[in-house]
Amino acid sequence: MRLFNTRTRSVEPFAPLRDGRVRIYVCGLTPSAEAHIGHARSFLFFDVLRRYLVYLGYRVDLVRNVTDIDDRSIEAARQSGGDWREIVGGYYASFQRSMRRLHVLDPDHEPHATAYVPQILEMIEELVATGHAYVVEDGVYFRVRSFPRYGALSGRNLDELLIGARIAPGEGKDDPLDFALWKFVKPGEPSWPSPWGPGRPGWHIECSAMARELLGEPFDIHGGGYDLIFPHHENEIAQSESLLPAPPMANVWMHGGLLLFDGRKMSKSLGNFEPLSALLDRHEPQAIRLLFLQTGYRKPMNFTEDSIDGATTALRRLLAAYDAFRAVPAGEAEGDPQGLIDEFAPRFFAALDDDVNTSGAMSVLFELAAAQNRVIAGGAASAAAAFMHQAMDLLGISPVQRSAPIEAAATVSSSFQVGGADYVVEAPQDVDAVLSDAAFARLREALDGAVELDGEPKAQAVELVIVARAQAKSAKDFARADRLRDALKAAGIAVTDLKNGASWTVAG
RNA sequence: GGCGACGUAGCCAAGUGGUAAGGCAGAGCUCUGCAAAAGCUCCAUUCCCCAGUUCGAAUCUGGGCGUCGCCUCCA
């Protein structure tokens, strides 16, 4: 596998530093506001990277931190009169839920900065002891000039930086480029005790301290958004490598391209974004996931809500093809299954090998979907289904649509998907009851609860209607069949007839 | 001003020396009780412009134009 390394500005072969273990640190969220879709893109990429590394047989340790104390959350608490912990906790919970809806797997460690104050202080003490940091009236600062390689990651030199740098009022640092490791407490602010006085950590030191604590140094991959290259990652390197006999602190530095909204970067200062959670309420999360997968992770990407519609269509087609493969009974046709699969699978994995080219990988899946008739005729349906399942799993697209053999299995198969979960359907007990008006009313009620994304769908009720409708159809009672379909539609369930049955989805 | 990226069909987008993936939209067709869905076919002689290197360039070099990002909190 090859990865683009910001440190060397080139794509290079990737190998773990030791033991087949890949240790990754991704700079996570500062939950002082609702997460936006740009955060989603970044974390989603590292999720795919991690899934692929696991597929390659590595043992992956992914750390994604939470900056739970910073100026903005303090300010938000001050304005609302609430507690900063509650504010941060609320935004974080919302973010975590959004990540799960997008099928971003939980990190192995999700350290909060405030839980690592001892480690942070220890590191600052080392930096003070070695002359890389100094104490002044408002805090402890890192002396940038003490680290000769400063600027290497972002390709800047100190004199250029100096032009734009300023010392803000109240900052007692020696050099405009120096940055805070520890900020002494101001009235009304949360604080922790330290050898130099109560205060709180500066932004950059937490990542250095937590990476060192949880992963050890050097570790394999350090990631984050493109906008973190400077100054955040530059500062991390300065802090960590000042204490390290042999740099680098991280072997590979990876940065995800930023997401633009209306051609502009989304940022907290511009405030030009909508909460991710709201967007996920309006669109199928997996479609958003697919949309990101169709663009290279390093490219800036202009996000428009309209583009999700196209991705939703594409996703449906992909899952329909998977369904078609699965619907073919095993051993039905003669052919060369392996030959057919070899047309696709190697190209899929080759794309991922090439700096996680998810766009190229996706295109292979679409080609396979388009070739479904040929693949099925060639007897490769089950092999194709297995490959697609594996491939979609790697990309975090859930193929949980599945066939549910029920009473009239010979003529009816139904598949469904709700909130990415898998459901089992029992044999229908009394189809005639479903056909009565009273039963409809009960069904409607049951289904009203079913359309909640993370709610427990009354899948059995839906399946009963599907069966009843199939029976009405085979009896040529189309009026009744339409009535059943309309009932489901009114309950937010869209039914689509297939060759030998029907599929249904929760309509958006 | 300094540094960096990008510019491929109506839209999105892969491709970094060998003759333009894929998705959406659009057109025609097949299937179909109806709805849909799905499938098939078509859709860039050409990759912002100009010059150059090469047997050969979207890909390399030089120049130009345009867009965006970083240089301040940011994924």
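Throughout, a chain's letter reflects where its sequence line sits, starting with A, and its residues are numbered from 1.
With sequence neighbours left out, the ring-ring contact (aromatic ring centres under 6.0 Å, His included) criterion links A/Phe43 to A/Phe95. Qualifying side chain to side chain contact (heavy atoms under 4.5 Å, CB included) partners for A/Lys265, counting only residues two or more places apart in sequence or in other chains: A/Asp227, A/Leu258, A/Leu260, A/Ser267. Among residues two or more places apart in sequence or in another chain, the ring-ring contact (aromatic ring centres under 6.0 Å, His included) test is passed with A/Phe45 by A/Tyr297. Residues passing the ring-ring contact (aromatic ring centres under 6.0 Å, His included) test with A/His232 are A/Trp203, A/His204, sequence neighbours excluded. Scored by the ring-ring contact (aromatic ring centres under 6.0 Å, His included) test, A/His233 finds A/His222, A/Trp253, A/His255 as partners (sequence neighbours excluded).
Looking at heavy-atom distances under 4.0 Å, A/Arg347 makes no contact with the nucleic acid at all. The residue A/Gly256 sits apart from the nucleic acid: no heavy atom pair falls under 4.0 Å. Residue contacts for A/His36: at a heavy-atom cut-off of 4.0 Å it reaches a base atom on one of the strands shown. Residue contacts for A/Ser32: at a heavy-atom cut-off of 4.0 Å it reaches no nucleic acid atom on any strand shown.
Listed by first and then second residue, the ring pair (Phe, Tyr, Trp, His ring centres under 6.0 Å) pairs involving residues 344-371 of chain A are A/Tyr55-A/Phe349, A/Phe348-A/Phe387 (not counting sequence neighbours). Residue pairs meeting the salt bridge (charged side-chain N to carboxylate O under 4.0 Å, His left out) criterion with at least one member in residues 149-158 of chain A, sequence neighbours excluded, are A/Arg149-A/Glu241.
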Treat primed atoms plus P, OP1 and OP2 as sugar-phosphate and everything else as base, then score nucleotides 9-15 of chain B 5' to 3': B for base contact with protein heavy atoms under 4.0 Å, S for sugar-phosphate contact only, - for none.
-> ----SSS
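The side chain of A/Arg264 places no N or O atom within less than 4.0 Å of a non-bridging phosphate oxygen (OP1 or OP2) of B/rU67. Listed pair A/Gln372 / B/rA38 fails the phosphate criterion, with no side-chain N or O lying under 4.0 Å from OP1 or OP2. Between A/Arg485 and B/rA35 there is no side-chain N or O to OP1 or OP2 distance below 4.0 Å.
Residues from residues 105-113 of chain A with heavy atoms under 4.0 angstrom of RNA chain B: there are none.
B/rA27 is paired with B/rU41 under the criterion used here, namely a Watson-Crick or G-U wobble arrangement in which both key atom distances are under 3.5 Å.
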